[in-house]
Amino acid sequence: MKTSTTCNTMPCDHSVAERPRYFPRQLITPDDLNLEQEYFRTKLRWHNRLLHGWGVVCGAKVCLVPKSKENGTKFEPWQVRIKPGYILGPFGDEIIIDCVRIFDLRTSGVTGITGEPCVDAIDPWCSEVIQPPKTDKLYVAVRYREIAARPVRVQPIGCGCDDSACENSRIVDGYEITALTSCPDSHLNPPSLDDLAKGPIPECPPCPDEPWVVLAEVDLDADGNITKIDNCSCRRLVLSFADFWWQCTEPAPPPLPPSTNPPTRVTKVDVADKLTPGATAKATIQGENLATVATVSFGDGVDVKQVTAAAASVVAEISIQATATPGPRTLTLTDNTGAKVEFQNAITIVGDTTQPKPSPTPAPSTPPSQPTQPRTGQKSSPGKKRKGPSEEV
């Protein structure tokens, strides 16, 4: 892309306080359109400089350039590598270094164009002047630069035969990198963070005298070998909130409104059937203000199948589980607002009396003894009845 190397500086005291007003059938000129752009650009510069400050926002680190083929040293002399970064200039301009740039400290400066391909093309008609510096300490700095581009032919006004002139149709944001011999005073003695948000009404900061933003301090020897690169001692940093974020927390649900129902009171619980494991019955709960009852519970082992609520009574169909433990149960009523009322010893589960009791085991009986007949020829034992005369043979 053919470009022009004009450099239009925009000091911070150059302000535009008017913008064009368009109306029907207006003849719009280039001055009107350029004024509209300059109005908003000037507002943005004031915003950046007075609210965000100026300096390096992120990136733009200066490093050594490794040699492709080692020849005594591992790094190229006189050269540094500048990584991509985002910078706010002293006049509020945005400087975007979107490519890695190689800068020779012996040159007067290198111009870069934001958005161009990341190739360091050499212009044979405008080569940089190589002149070794006279100091062993240099400061790599960058400033904003506008570059006119894309020239187009302008249509001639008359019908003459002269060649028509050309005008650049674009202005591209760019930057210029150079090497300063000293660190500017604006990059020294930063303010204390302890004084932040304290003190009297602040004065508006004056307009800086120089457009440069220093990136690093570089030490060299007599042969141009870089012995040290310091990216901190002469660099202004601007506070950035790009990495500051948090996760919100859901607010607690609002509390339920206080109940406007009159208080519920239980006076009596009637159950017609005997409550044994496996039985079903109807429980009639009597009391006051029972129409708002939503659920009924009798505790463990008791299932409530259906509830019919009225003003003075609640009828609940209950079923006793087969594994329910005998004993008293507490009634718990819950109304439509979530309020609960308890009634102790509302029902009592009794043991199952329908099972037959086992009969006792009978004791073993002794068989009766048989009378002993006397043998023939033997005398009868005393006490026996003696046969009569008629019984003798």
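For the numbers below, each heavy atom of this structure counts, side chains included, while hydrogens, waters and symmetry mates do not.
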The test is side chain to side chain contact (heavy atoms under 4.5 Å, CB included); show your working for V302 and I320 and say whether it passes.
CA-CA 5 Å; V302 181; I320 310 301; 3.9 Å; yes

To the nearest 0.5 Å, what is the distance between [atom1] on [X] and [atom2] on [Y]?
X: R81; Y: Q79; atom1: CZ; atom2: CD; value: 9.5 Å
X: Y86; Y: D98; atom1: OH; atom2: CG; value: 13.0 Å
X: T227; Y: F75; atom1: OG1; atom2: CZ; value: 12.5 Å
X: L331; Y: S297; atom1: CG; atom2: OG; value: 8.0 Å
X: R41; Y: D93; atom1: CZ; atom2: CG; value: 6.5 Å
X: T325; Y: I349; atom1: OG1; atom2: CD1; value: 8.0 Å

Side chain to side chain contact (heavy atoms under 4.5 Å, CB included), that's the test. Do K274 and V350 meet it? Break it down for me.
CA-CA 8 Å; K274 184 178 294 185; V350 298; 3.7 Å; yes

A side-chain contact here means heavy atoms from C-beta on lying under 4.5 Å apart; do [X] and [Y] qualify?
X: I96; Y: D173; value: no
X: N225; Y: L220; value: no
X: T284; Y: V269; value: no
X: K340; Y: L333; value: no
X: T111; Y: R145; value: yes
X: I229; Y: L64; value: yes
X: V142; Y: I87; value: yes
X: P90; Y: E210; value: no

Would one find more than 12 heavy atoms of other residues, nucleotides or ligands at under 6.0 Å from atom CG of L188?
yes

Just checking D185: does its CG atom have more than 12 heavy atoms from other residues, nucleotides or ligands closer to it than 6.0 angstrom?
no

Can you name the closest pair of heavy atoms from [X] and [Y] and give their distance?
X: P277; Y: A322; value: CB-O, 3.6 Å
X: Y139; Y: C183; value: CE1-N, 3.5 Å
X: P211; Y: F91; value: CB-CE1, 3.9 Å
X: V172; Y: T114; value: CG1-O, 3.9 Å
X: V154; Y: C166; value: CG2-C, 4.2 Å
X: P133; Y: W78; value: CD-CZ3, 3.3 Å

Determine whether a donor-acceptor pair (N or O, by modelled atom type, separation under 3.5 Å) exists between the side chain of [X] and the backbone of [Y].
X: N168; Y: R170; value: no
X: R235; Y: L215; value: yes
X: R329; Y: D300; value: yes
X: N345; Y: P328; value: no
X: N231; Y: V62; value: yes
X: N289; Y: T264; value: no

Hey, any chance [X] and [Y] share a hydrophobic cluster, counting ILVMFWY side chains that come within less than 4.5 Å of each other, even indirectly?
X: F343; Y: V304; answer: yes
X: L180; Y: V80; answer: no
X: I177; Y: V218; answer: yes
X: W54; Y: V214; answer: no
X: V307; Y: I347; answer: yes

Partner of K137 by side chain to side chain donor-acceptor pair (under 3.5 Å), out of T181, D230, D219
D219

Quick one about [Y] and [X] (side-chain donor to acceptor, distance below 3.5 Å, no hydrogens or angles considered), yes or no?
X: S186; Y: R236; answer: no
X: T330; Y: Q344; answer: yes
X: Y175; Y: R101; answer: yes
X: Q286; Y: S313; answer: no

With side-chain contact (heavy atoms from CB on, under 4.5 Å) as the test, pick out the partner of V56 among I95, L88, V213.
V213

If a pair satisfies ring pair (Phe, Tyr, Trp, His ring centres under 6.0 Å) and one of its residues is in residues 270-310, list it, with sequence neighbours excluded.
none

So L105 and F103, side chain to side chain contact (heavy atoms under 4.5 Å, CB included) or not? Walk me through it.
CA-CA 6 Å; L105 299 171; F103 175 60; 3.7 Å; yes

Start with the C-alpha gap between R45 and E38, add the side-chain angles, then the distance that decides, and say whether salt bridge (Lys or Arg N to Asp or Glu O under 4.0 Å) holds.
CA-CA 10 Å; R45 291 190 188 100; E38 198 57 38; 3.2 Å; yes

Working note: E317 + K305, criterion salt bridge (Lys or Arg N to Asp or Glu O under 4.0 Å); need CA distance, chi angles, decisive distance, verdict.
CA-CA 6 Å; E317 295 184 5; K305 298 181 178 180; over 6 Å; no

Is the W46 to H52 ring centre distance short of 6.0 Å?
no

Inter- and intrachain pairs under side-chain hydrogen bond (donor to acceptor under 3.5 Å, both in side chains), touching residues 28-37, at least two apart
Y22-E36, T29-D32

Would K268 and D270 count as a salt bridge (Lys or Arg N to Asp or Glu O under 4.0 Å) if you check the C-alpha gap in whole Å, the side-chain angles of each, and the deciding distance to 0.1 Å?
CA-CA 7 Å; K268 185 179 180 183; D270 291 332; 3.6 Å; yes

For W246 and F244, take the angle between the two ring planes, folded into 0 to 90°, and tell me which bin it lands in: parallel under 30, tilted 30 to 60, perpendicular over 60.
tilted

